Amino acid sequence: MTDRSSLADLQARTRWEPGETEPRIAEQWLESGLFHPEPEGSAEENYSIAVPPPNVTGNLHMGHALNGAIQDVLIRLARMRGRRAKWIFGTDHAGIATQRQVEKQLEREGTSREQLGRDAFVERVWRWRERYGGQITGQFKRLGASLDYEDERFTMDPAYARAVMKVFVDLYEQGLIYRDNYMVNWDPGLRSAISDLEVEQREGVVDTLYSIAYPLADGSGEVVVATVRPETMLADTAVAVNPDDDRYAALVGKQAILPLIGRRLPIIADPHVDPSFGTGALKITPGHDPNDFEIGRRHGLEEVSAIGEDGLMTAAAGERFAGLPVAEAQRAVVQALETEGSIRGREEYIHTVPFSQRSGQRVEPLISLQWFMAMDELGPPAINAVTSGRIRIHPPSQARRYVDWLEGIRPWCISRQLWWGHQIPVWYRESETYVGLDAPDGEGWERDPDVLDTWFSSALWPFATLGWPDDTPALRAFYPTDVLSTARDILFLWVARMVMMGLRFPGEIPFADVYVHSVIQAPDGRRMSKSLGTGIDPLDLIESYGADGVRFGLLAMSSAQDVRFSEEKIAQGQALANKLWNASRLVLLRIDRSARAEPRPRTVEDRWILSRLQRAVQDVAGRIDAFDFSHAALALYDFVYGELCDWYLELVKPRLYDDSDEQGHADVSATLLHVLSETLALAHPLIPFVTEEVWSHVPGADGLLARCSAATIDPALVDAAAEAELGRAIAAVQVLRAWRDEVGARPGLVLAARLVADGYEETADSVARLTRFDFTGGGDGVAASVSVPGGTVEVLPSGEVDLDAAARRREERRAKLLAEIERAERKLANSGFVAKAPAAVVEGEREKLARLRVEVEGL
RNA sequence: GGGCGCGUAGCUCAGUGGGAGAGCGCUCGCUUCACACGCGAGAGGUCGCUGGUUCGAAACCAACCGCGCCCACCA
């Protein structure tokens, strides 16, 4: 664009219109290749972040948008600081979620995955992914996320799958992955095992607690046990009592008869049994209760499975119940026990029950042949990485959660009875087992049908995306990564596992800092979710407010706490973008176009803005480095509104519009250009679009702002004297404006007055202009006097001032001053205060008192 | 059962030992030559409750009330 058309363009665009401009800028960034760094140099000198890979089925939700904004701020700032910055991009195959999507599609077509068969189904999922997957990519682009889209990964890519297989095989050979018949959380909806982390303990479930009598085998009586799951009694293999329970001491070693089944159950003693609960006797069902399973293993009890993986009672439940669904079996068992007269009581019982987060169904604990990963060897190094400070988790409370969880970690069930995922690299032939990267030679081998938990492959994300296990340039350039940013809910599911795998395989921590951001709740405080109807689509917000507004708003909202979504913050971001756009228009349309950006302070306000800018740069950058994004965003807002626009631009307008002083205009142009450029650089990581667009109109600006240097830190520009002097002028302006408003002076009218105050040598003209006073004329008499810092302004008589209002105002001010004086006097009369408070505080109080006294005398 | 956190203006939130803040909303004024998605000026708060520590508490401590989250194998 030529300079002239650029100016005409600026002149015409009195509003920042993100909808028209942002997509164009996003396109420019993508075409520039800026987001795709070549894999050169070392991880030490480079900067990288691996994005938490969204599900391939996913759409951008509020969490993605917030986390995207956070990571993009970090990446853009690092890039502007001259680091080779790579934001690793890709999607997750998301086993269950994706499989369900395609299954639903098949249902609509009147077929099912079973009818299709495994190979055809998996093929179908791949095609589904080609067609519908990766919508979220375009959504991230719209947000302005500077991910490396040119180097996209998928957790099912052949190379990635190779890494997954290698990790499995290695851990198997090292004895850390093993197959076992063990109690697992069975999800009847999914018909698959799930891990402990996918189980949600739901509180407040109302059940009936049945007391059931088991007769003693020797006919000497009965023992009464309590249960909320009477149908599981069909799989009982013992009755247990506490070893210290005198009531039952005589029964230990005897046998009870299991009603309905007739099996003889040993009566055993185990410390797990709480004598104070129920009758103090516990039925033991090793096949369907995690506690009982442990007790059973301790005592070598038989393990009976009465409930099958299909959710139906098995043959072991006896002829009467076999084949019934669990719920029906419960009714039938209760009915049968009632007929037998074995029920001794029933009461309402409210307790906590496990549900599957995946399907929402009640988890059925059962014994199943599954693959597990042992954690005893993997956990401690991962704990040490954090406790030693090599990995820093922010905020620190999350580090405690991390360590606590790892300290109590149990084996991880990694096999899933699904079709979509990384199929376990194990083959069987009769009694032989083969584990390897490729299928074994020879006939008759059958591969294990199960796939791995999706989190198994996600755990390798920071290095498998970079080509591990090969020693690639990308791996050398970008591993370990610098920051991992995520929500709290996957600290265990993902973050801890990445640390374990990173330490075990590439042998280094996968990232140095973990930032755990807040969860944004719906405005009413509930969880934001589609099913509750409380979800808010970030893309709709981008449509209304622009991506800059959404980014700013989400960052400003975020904190260490969970926060309620507030659309006002998004609007605040939009307002900031618009403000910056218009401030830039003022500067760019009025300056000397041949000026070069450099600080050329000529007045106190120039020194002031350079000083305030310097403080803002240090503050915002420091906040970002400390992962304090909300304060960084608000500090930027305060600088742009409260300092640059409200004061500096208003103060320099006379010089900016004065064409008679060529040198003066050139100087202020240079300084303004400097201030604008630095402000754009400072703001760019947070609100990249508007800053990039303004930059394209800055004379002499070459290329993209996203490629420029970060705002300069130069402590020499801090000028406390200028800040004090202009601070005084600002305070005076505010006092005088308030006074005018209260005494009803017409806004346009210039009032004659005398400025009788110290410290306004350089600022009196500005104060007069901004308050519409004329301090130049003489004149007699005083109609009113207004206190300003350092003295008073004496307003000369005129018919324009409501003297009664002025007097009223004076009296109000006087009363307030007297109250404050009394307060200060009381404080200083307090011997405890004078003796014990820090000297500076006492001195400050004395100065304040003196100041107040001077002012009240002036009235 | 254990642990963590929150309760400040109508709303959403800052503020962690020395005169209560922001954005939005509300009131009043302003078509001031960047912006009416604007500018200027205001109103509005027993800082959940009680007690304690301190010269001084919104902030620190204790108990309580209310809300939220995480972890946990008592049927």
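Residue numbers begin at 1 in each chain, while the letters A, B, ... track the order of the sequences. Below, each value reflects all heavy atoms present in this structure, side chains not excepted, and no hydrogens, waters or symmetry copies. What you are looking at is a predicted structure, and each value in this text was computed from that prediction instead of being measured.
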| field | Over-ring placement of R202(A) relative to F355(A), 6.0 Å and 45° cut-offs | value | yes

Chi angles and distances behind the side chain to side chain donor-acceptor pair (under 3.5 Å) call for D270(A), N242(A): CA-CA 5 Å; D270(A) 192 283; N242(A) 189 287; over 6 Å; no

Review point. K653(A) near the nucleic acid: base, sugar-phosphate alone, or nothing, with a heavy-atom cut-off under 4.0 Å?
Key: base

Does the Lys NZ or Arg CZ of K569(A) fall within the cation-pi geometry relative to F552(A) - under 6.0 Å from the ring centre and within 45° of the axis? no

Looking at T352(A), does any N or O in its side chain come under 4.0 Å of the phosphate oxygens OP1/OP2 on A72(B)?
no

Pick base, sugar-phosphate or nothing for E203(A), based on heavy-atom distances below 4.0 Å to the nucleic acid.
base

Look at all strands and tell whether D404(A) reaches a base, only sugar-phosphate, or nothing, counting heavy atoms closer than 4.0 Å.
nothing

Is K816(A) close enough to G19(B) that one of its side-chain N or O atoms is under 4.0 Å from OP1 or OP2 there? no

Give R851(A) one of three labels, base, sugar-phosphate or nothing, depending on what nucleic acid heavy atoms sit under 4.0 Å from its own.
base

Kindly say if R15(A) contacts the phosphate of C35(B), meaning a side-chain N or O under 4.0 Å from OP1 or OP2.
no

Under a 3.5 Å limit on both distances, the Watson-Crick or wobble mate of C67(B) is G5(B)

When both distances are under 3.5 Å in a Watson-Crick or G-U wobble arrangement, the nucleotide paired with G17(B) is none

